[in-house]
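All values reported here derive from a predicted model rather than from experimental measurement. Ligands are counted one by one from 1 in listed order, and the atoms in each one are counted from 1 as well.
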Amino acid sequence: MELKALTGDITKVETGAIITFFPETEELSGEIARIDEALGGAIAGLVSQGEIKGKLNEITVIHSLGRLPADRVVIAGLGKRTELTPDRVRGAVAEVCRHLQRKRVGTAAAGVPVVGIDNPEKAAQVITEGALLGTYSFRRHITREAEVGEIKELSLVAAGDIKSLEQGIPQGRVLAGAANLARDMVNEPGNFMTPSDMAAMAAKLAETHQIELEVLEREQMQALGMGGLLGVAQGSQQLPKFIVLRYRGRGADEGIDIALVGKGITFDSGGISIKPSEKMEEMKGDMAGGAAVMAAVSAVAQLKTRLNIAAIVPATENLPSGSALKPGDTVTAMNGKTIEIISTDAEGRLILADALAYAGKLGARYVVDVATLTGSMRIALGDLYTGAFGNNQELTDKIVAAGKEAGELVWPMPLVEQYKEQIKSEVADIKNVGSRWGGSITAALFLAEFVGDTPWVHLDIAGTYWSEKEQGCITKGATGVPVRTLVNLVLSLA
Ligand code: BES
Ligand code: MN
Ligand code: ZN
């Protein structure tokens with residue numbers, strides 16, 4: 001989709017559809033009133049008959065039949081004005097764009113600013129994100145033709161100066177582009193997104209956006225004592241990769257400001273503690289945390305943020321085989337701590353143990369890890385809220401705020417010290433599984449053992465990395481959560 005900034009009167013724009021927004025039970029005023037006038041009062045008529053109510057995500061299409069240069073007008077309901085947020089506008093744009101694509105409308109235009117967002121730059125960013133996120137689809141492995149059309153061009157139209165549009169559009173494009181990149185990686189079947197494929201993607205990002213890349217191979221992992229990652233990887237034919245992307249926006253000699261650590265299990269069968277086969281295919285997305293941190297760093301680089309950021313992704317498959325890790329085995333993580341394996345399906349925390357220790361060795365000022373870590377997170381918060389565990393209230397608050405701005409919801413979760421009891425081991429320093437209760441908390445407590453005192457937040461995206469339905473900016477399959485949250489966080493720290 002091409003995005004254009006235009007100056008002028010939206011009622012004069014020749015396009016497939018003018019998109020205009022309407023909050024619930026309001027008088028027609030401003031832009032929508034001018035469009036209504038051109039349509040001879042058609043909108044006002046539908047409002048008085050109750051066909052247009054302005055309910056959130058209500059979509060009404062009126063064909064202009066020659067009364068406007070545009071073929072049609074789409075009135076997008078925004079719900080109650082008091083509940084109006086930029087994210088509702090973003091979601092409404094996504095719904096409208098999908099609607100237009102189903103109708104095979106090829107071009108559209110929207111006026112800026114929109115109701116609910118006074119800042120025109122922000123409005124342009126939000127509309128861009130809604131359009132690009134909402135029309136995302138993953139068709140790489142489909143040879144038959146698509147049932148829906150494609151919006152080829154979306155124009156944003158401002159009455160006066162378009163400078164703010166020219167700033168907001170690229171900002172939105174970078175953020176949505178990064179989220180869609182993560183979606184692509186997560187939607188990609190496991191046989192097309194192996195640890196080596198993830199490393200190849202990292203190389204591509206490094207090359208396009210001038211980011212430094214280091215990929216540690218098995219021998220280097222051995223030298224560093226990464227027993228967690230090596231343990232999980234020993235059951236797979238695929239070579240493990242430890243991917244480190246470094247973007248230096250503050251200076252080559254300065255240290256790392258934030259390390260973003262992402263779980264990179266390219267397929268999680270559970271290993272010897274094998275999972276039930278129902279929905280096991282979703283475990284191709286068990287590298288969603290890794291994809292998110294790689295995409296986030298590429299966005300931060302494109303935005304030329306003045307901070308030094310590292311993305312760290314331990315990548316491997318988790319498969320059963322004659323050489324696989326077994327329940328009862330012990331491994332030693334990079335920081336020297338020994339771990340008793342109770343379940344080989346609690347593999348994420350094993351590879352993250354090494355990655356978090358590595359981030360500590362880099363001397364990062366802040367550490368944020370992202371992982372599809374526990375099924376119990378999905379049970380606790382469902383598919384809309386990511387859980388945030390951490391040792392630093394300020395950093396947690398910043399992430400919650402960054403998520404809110406992105407429309408990717410984050411809820412703080414407690415690191416309950418008393419539950420540490422559950423992961424005490426008789427044969428090693430710690431064991432990798434506690435009881436059934438509070439499973440996402442004991443997982444986070446396990447990770448905390450490998451962090452030290454650095455301000456750290458762990459985001460468990462097991463509920464949010466995947467969606468079974470379309471909903472606003474979210475499309476079916478991979479959601480790209482929490483890429484935009486991470487980018488907003490970095491921008492807020494810069
Ligand atoms: N990757 C899974 C967690 C998961 C489940 C992510 C569902 C997305 C959707 C993780 O490796 C796992 O298997 N966790 C176990 C931990 C248990 C063995 C303590 C779980 O949650 O069942
Ligand atoms: Mn698992
Ligand atoms: Zn897993």
Record the part of [X] in heavy-atom contact with ligand 1 below 4.0 Å; permitted values are side chain, backbone, both and neither.
X: Asp345; value: both
X: Ile265; value: neither
X: Arg436; value: neither
X: Arg349; value: side chain

[X] side-chain N/O to [Y] backbone N/O, donor-acceptor pair under 3.5 Å:
X: Arg349; Y: Asn432; answer: yes
X: Tyr247; Y: Thr305; answer: yes
X: Glu340; Y: Ala428; answer: no
X: Thr344; Y: Gly270; answer: yes
X: Ser343; Y: Asp345; answer: yes

Which residue and atom name correspond to the protein heavy atom nearest [atom], and how close is it?
atom: atom 10 (C) of ligand 1; result: Leu373 O, 3.2 Å
atom: atom 2 (C) of ligand 1; result: Asp268 OD2, 3.5 Å
atom: atom 21 (O) of ligand 1; result: Gly375 N, 2.7 Å

Legend entry - Metal site the Zn ion (ligand 3): N/O/S of Ala371 inside 2.8 Å: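 So Ala371 does not count as coordinating the Zn ion (ligand 3).
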
Legend entry - N/O/S from Asp345 sitting under 2.8 Å away from the Zn ion (ligand 3):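 No, Asp345 does not qualify, because none of its backbone or side-chain N, O or S atoms lies under 2.8 Å.
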
Tell me yes or no: between the side chains of [X] and [Y], is some donor less than 3.5 Å from an acceptor?
X: Thr194; Y: Asp197; result: yes
X: Thr386; Y: Thr464; result: yes
X: Asp286; Y: Tyr465; result: no

Legend entry - Close side-chain approach of Asp184 and Tyr136, heavy atoms under 4.5 Å: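 The answer is yes; the side chains approach within 4.5 Å.
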
Inset, instruction - Measure the shortest side-chain to side-chain distance between Val232 and Ile265 over non-hydrogen atoms and say whether it is less than 4.5 angstrom. - result: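 Contact flag for Val232/Ile265 side chains = yes.
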
Legend entry - Tyr465 heavy atom under 4.0 Å from ligand 1: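 Yes, Tyr465 has a heavy atom closer than 4.0 Å to ligand 1.
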
Legend entry - Close approach of Lys275 to ligand 1, heavy atoms, under 4.0 angstrom: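 True for this residue.
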
Using a strict cut-off of 4.0 Å, indicate which atoms of ligand 1 neighbour a heavy atom of [X].
X: Lys263; answer: 1 (N), 10 (C), 11 (O)
X: Thr372; answer: 1 (N), 2 (C), 3 (C), 6 (C)
X: Ala462; answer: 6 (C), 8 (C), 9 (C)

If you measure every N/O of [X] against every N/O of ligand 1, is any gap under 3.5 Å?
X: Ser376; answer: no
X: Ser343; answer: no
X: Thr374; answer: no

Inset, instruction - Report, rounded to 10°, the angle at the Mn ion (ligand 2) between the two atoms OD1 (Asp345) and OD2 (Asp268). - result: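 It comes to 100°.
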
Legend entry - Carboxylate-amine/guanidinium proximity below 4.0 Å for Glu421 and Lys424: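 Yes, this pair counts.
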
Inset, instruction - Flag the pair Glu282 and Arg378 as a salt bridge only when some basic side-chain nitrogen lies within less than 4.0 angstrom of an acidic carboxylate oxygen. - result: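 Arg378 and Glu282: salt-bridged.
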
Legend entry - Nearest-option assignment for atom 8 (C) of ligand 1, heavy atoms, candidates Arg378, Met283, Glu347: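 Nearest option to atom 8 (C) of ligand 1, by heavy atoms: Met283.
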
Legend entry - Gln393: which of Asp397, Thr396, Asn391 passes side chain to side chain donor-acceptor pair (under 3.5 Å):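 Per the side chain to side chain donor-acceptor pair (under 3.5 Å) rule, the option paired with Gln393 is Asp397, out of Asp397, Thr396, Asn391.
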
Inset, instruction - Name whichever N, O or S atom of Glu347 ends up nearest to the Zn ion (ligand 3). - result: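 Nearest N/O/S atom: OE2.
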
Inset, instruction - Could you grab the angle centred on the Zn ion (ligand 3), going from OD2 in Asp286 to OD2 in Asp268, to 10°? - result: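 That angle is 90°.
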
Inset, instruction - Could you tell me which N, O or S atom of Glu347 is nearest to the Mn ion (ligand 2)? - result: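 The Mn ion (ligand 2) is closest to the Glu347 atom OE1, counting only N, O or S.
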
